[in-house]
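In the text below, chain A, chain B and the rest are named by the order of the sequence lines, each starting its count at 1.
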Number of protein chains: 4
Amino acid sequence: MVKSTGEKYEAIIDAAVKVIARHGYHHAQVAKIAREADVADGTIYLYFENKDDILTSLFREKMGRFIREVEQALESVQSPAEQLKTLVEMHLRHLEEDPELAIVTQIELRQSNPLVRKVIGQILKKYLNVIDRIVTSGQESGVFRPHIDVKIARKMIFGTLDETVTSWIMNGRKYSLTSMAKAIHDLFLHGLKAD
Amino acid sequence: MVKSTGEKYEAIIDAAVKVIARHGYHHAQVAKIAREADVADGTIYLYFENKDDILTSLFREKMGRFIREVEQALESVQSPAEQLKTLVEMHLRHLEEDPELAIVTQIELRQSNPLVRKVIGQILKKYLNVIDRIVTSGQESGVFRPHIDVKIARKMIFGTLDETVTSWIMNGRKYSLTSMAKAIHDLFLHGLKAD
Amino acid sequence: MVKSTGEKYEAIIDAAVKVIARHGYHHAQVAKIAREADVADGTIYLYFENKDDILTSLFREKMGRFIREVEQALESVQSPAEQLKTLVEMHLRHLEEDPELAIVTQIELRQSNPLVRKVIGQILKKYLNVIDRIVTSGQESGVFRPHIDVKIARKMIFGTLDETVTSWIMNGRKYSLTSMAKAIHDLFLHGLKAD
Amino acid sequence: MVKSTGEKYEAIIDAAVKVIARHGYHHAQVAKIAREADVADGTIYLYFENKDDILTSLFREKMGRFIREVEQALESVQSPAEQLKTLVEMHLRHLEEDPELAIVTQIELRQSNPLVRKVIGQILKKYLNVIDRIVTSGQESGVFRPHIDVKIARKMIFGTLDETVTSWIMNGRKYSLTSMAKAIHDLFLHGLKAD
DNA sequence: TATGAATGAGCGTTCATTCAT
DNA sequence: TATGAATGAACGCTCATTCAT
C-alpha cells in the first residue's frame, strides 16, 4: 500500500512543502496538499499511511539528502576545523537557498504533534552524528580540547545554527544567512580549540 | 475579565501547566484545565480572554518571574564571565527543578498556534536582552573579544541552552541538567574571551 | 420577590428598551441591561422572574399605556370612521415619536422565543379588541357593511399598520410615518364602508 | 460546497423544515437536521456554507417556487381583481396545505439572526413586486383608484395576509384558512376599486 | 491505480441565573 | 434590598480518513 517512491510520491512531498510554507502548518489540510499535487485526496493514501507520514517522509527525504551532501563534502576536507567550517557554511547556505524548506522545517513542522516531532528527532540524530564525528576527530588530532563533552559541543553547534536560522526566518529573512558563517565558525573554534 | 491576579488566576495557570504537561498541548481542553483548577469552565473566562490568553499568560508569568530572578541575581555578580555562569546555571536549574514547566515551555507550547508563538517570542526577547547585556559588558570590560557580533553570541548562548534542555526532556530527563552548567559555561567562555 | 413597581423596576425596563434598541435582541444580555440601569446583575432578579419576564413586562407596560391613551382618545370621538382615523394616526404617531420603542417592538422582540411571543400576542389582544369595537360599532351604526367578518377586518387593520411600521423601520425611517395615516385610513374606509 | 442541488441538498432542506417545525428554531441543531436527513453532520457542509445558509436556502427554495407558481397562475387570469383573488387564494392555500412550512416561515424563522432575516427580506421583495404589479395594472385599467399609493396598497395586502396566517397558526390552526380568501379579497377589492 | 463524496468525533465559549455576603 | 463572582449546559463546524466505483 505504501510506495515510498514514484512520481506521485515526490509530487505529494513537494506539494506538502509548498502548501505548508505558503499556508502554515495549521492550514495545510490533506485536501489542499492533494490539490497542489494534482491528485485526488484518496490518492495520498496510496502513497502515505496518514498525514503524519507525509510530514515525517518530507523531513526524511529532505534531511537525508542534505546529510548525504554534507558527508560527501566533508570527505574532501582534512582538518576538523575546516570540516566544521564546511558544515556551518553548508547548513546556512542549504536553508538560505531553499526558503520554503527553511520555513517548513524550522518553523512549521515544530508545531506538529509529539509523534511527528519524535520521528524528526530520530532523523536529526544522523546529522548530530556527523557533528559528533567532527568534534571527536578534532579531539583525537589534538586541535580541540580533549575534555570537552562531545554531546555538549554538539548541542552548542546544532543549537546555535538552529537558533540562527529560526531567528533569521522569524525576522523576515532580511539579511544574508551565509555571511554569518565565518563569525559563527570563529565562535565555535574559539570555544573548542586547544589552548 | 475580572482581574489578572488573585488566587484563581494563579490556580488556573498552575492547572494549565499541570494539564498540558500531563496530557500534551492538543489534549489540554479548557474543561480539563478548569476541573484541575477546581473551578467551573465559565470561571476561566472571568480571568482570561480565551484559551490563547491562558497560554500566553502562563508563559508571561513564569518567564517574567524567571527573568526577574536572573536580573536580581546578576546584580550581585561583578564579572561578566561569572554573570554568564550565573545565567547558565539558573537557566538549567530553573527548568530542572520544575520539569512540568520545562515540558510545557520546551515541548508543548511550541505546537501552539502562530498567535501564541508570536507572543511567546516577544516575551523571550526580554531574556535575550539579558544575555545581550552580559555579552556587551564583557566586551566593554575587555574580557570578551570586541569584534564578536552580540547577536551571534546571543544565539550561541540561547540556542545551546535551549537545545540542551529540549534534548534533556526528549531523552527522558535521565541525567542531571545542572551538572552540565560548568561544561557549557566553559565552552561559552572559551568562545567569547579575549586572547 | 417580584415587585411590579418601583423606581428600579422602571429603570430596568427603560434600560432594556435602550439596550435592545441599541444592540439588538441577540446582544441584549441581562448584564448589559443591568449596567444600563445602573444596578447589579442580581438586582434584576429581585424585580423580574427571569429575562423573558423583562421582555414581556416591557411590552405590557408600553403597550398598556398606549392602549389606555387610545381608549381615552376614542371616547371623545363619535363616528366610527373618525375613530378609525384616530387609531391609525395614534398608532403611527406613537411609534414614530418613540423610535427606540418602535425598533424594539416591531423588530427585535419578534426574534424572541415562542413563549415570549405568545405573551406578547395575549397583550396585543387588548389592542385588537379596541379595533374590534370600532368595527362593530361601525357596523351597528350602519356605516360599515354588516357582513364583514370583524376578525378579518381587524386583521386587515392591524396587519396593515404593523407591516407599515415594520417596513418603515427596515427601510431606515427615511419618510414620515404619520403622513401616511390619511391614505391608510382612506383604504380602510373604502374597504369597510357600506355602499 | 459540492453543489446547490441534488437529492441530498433537497433532503437536507426538507429535514430542516421538519425539524424546525417540530422542535422550534432554537432547538433545531445541525446534528438533528442531519439525522433527519439521514446524512452525517459533515455532509451538511458539502451542500451548505453554514447553518444560516440552510435557513436562507430553505426560504429561497420554498418561496421561490411559490412565487413562480403564483406568477404562472396569474398569467392565465385577465382582470386585476381576479388576479388579486388568485393571489389571496394561493397565499392562504399554499400555507394551509403545508402547515410545517407555515410554522417555519411565519413563526420560527422570524426568530433567526439579523443576517438570515435580511436575506429573507430580500427574497420577500420579489413577492411584494408581484403584488405591486397587480395593483398597478388595476390602476392602469381603471378598476382600481389611481390615487392609491401602490406601496400602501401592497402593505395592506401583504400585511393582512401575513397577519391572517400568523394568527391562524398561533391559534392552533383550528379553522380553514382558505375559506377566508373570499372575505379578505372582498375587503381588498372594496378598498381598492374605483367608485 | 485513482477518485472524491461521505463520514463523525471533538471543543472553545457565552450568558442566564444563583447565592453567600 | 443589593451585590457580583461563580456556575455549567449547550452546539456549529473542521478535516483526516474511508470505500464504493
Partner set under side-chain hydrogen bond (donor to acceptor under 3.5 Å, both in side chains) for [X], not counting sequence neighbours:
| X | result |
| --- | --- |
| D/K18 | none |
| D/N50 | none |
| A/D14 | A/K62 |

inquiry  = Assuming nearest nucleotide by heavy-atom distance, tell me which of D/G42 and C/G42 is located more 5' along DNA chain F.
reply    =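 Nearest nucleotide further toward 5': that of C/G42.
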What's the closest nucleotide to the side chain of [X] if the choices are [options]?
| X | options | result |
| --- | --- | --- |
| D/V39 | E/dT1, F/dT1, E/dT7 | E/dT7 |
| A/V30 | E/dG4, E/dA16, F/dA16 | F/dA16 |
| A/Y45 | F/dT18, E/dA5, E/dT13 | F/dT18 |
| B/N50 | F/dT17, E/dT13, F/dT7 | E/dT13 |

ask   = Starting at the 5' end of DNA chain E, which residue's closest nucleotide do you reach first, C/K51 or B/Q29?
value = B/Q29
Nearest-nucleotide comparison on DNA chain E, the residue closer to the 5′ end among D/D41 and C/D52 = D/D41
Could you tell me which non-hydrogen atom of [X] sits nearest to which non-hydrogen atom of [Y], and how far apart they are?
| X | Y | answer |
| --- | --- | --- |
| B/A31 | B/D41 | CB-OD2, 3.6 Å |
| C/K32 | C/H27 | NZ-O, 2.9 Å |
| C/I33 | C/A28 | CD1-O, 4.1 Å |

query = Do we see a donor-acceptor contact under 3.5 Å between the side chains of C/Q122 and C/K125?
reply =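 No.
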query = Does one side chain, of B/Q111 or A/N113, offer a donor that lies under 3.5 Å from an acceptor on the other?
reply =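 No pair is found: no donor N or O on one side chain lies under 3.5 Å from an acceptor on the other.
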query = Where along residues 19-27 of chain C does a heavy atom fall under 4.0 Å from DNA chain E?
reply = none
Could you tell me how far apart [X] ([atom1]) and [N] ([atom2]) are, to the nearest whole angstrom?
| X | N | atom1 | atom2 | answer |
| --- | --- | --- | --- | --- |
| A/K32 | F/dT14 | NZ | P | 12 Å |
| A/E49 | F/dT18 | CD | C1' | 15 Å |
| B/E7 | F/dA5 | CD | P | 15 Å |
| D/I54 | F/dC11 | CD1 | P | 14 Å |
| D/I44 | F/dC11 | CD1 | P | 15 Å |
| D/D53 | F/dG12 | CG | P | 14 Å |
| B/I12 | F/dA6 | CD1 | P | 9 Å |
| A/F48 | E/dA2 | CZ | P | 13 Å |

message = I'd like to know whether D/Y47 forms a side-chain contact (heavy atoms from CB on, under 4.5 Å) with D/V39, so could you lay out the CA-CA distance, the side-chain angles of the two residues, the decisive distance to 0.1 Å, and finally the verdict.
response = CA-CA 11 Å; D/Y47 295 89; D/V39 298; over 6 Å; no
task = Look at D/K8 and E/dA5 and indicate whether a side-chain polar atom (N or O) is within less than 4.0 Å of OP1 or OP2.
result =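 Result: no.
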query = Given F/dA5, is OP1 or OP2 found less than 4.0 Å from the side-chain N or O atoms of B/Y47?
reply = no
key: Secondary-structure stems for DNA chain F, with pairs counted as Watson-Crick or G-U when both distances are under 3.5 Å and runs at least 3 long   = E:2-21 with F:2-21
ask   = Under the ring-ring contact (aromatic ring centres under 6.0 Å, His included) test, which residues partner D/F66, sequence neighbours left out?
value =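 Applying ring-ring contact (aromatic ring centres under 6.0 Å, His included) to D/F66 gives D/H94, D/Y127.
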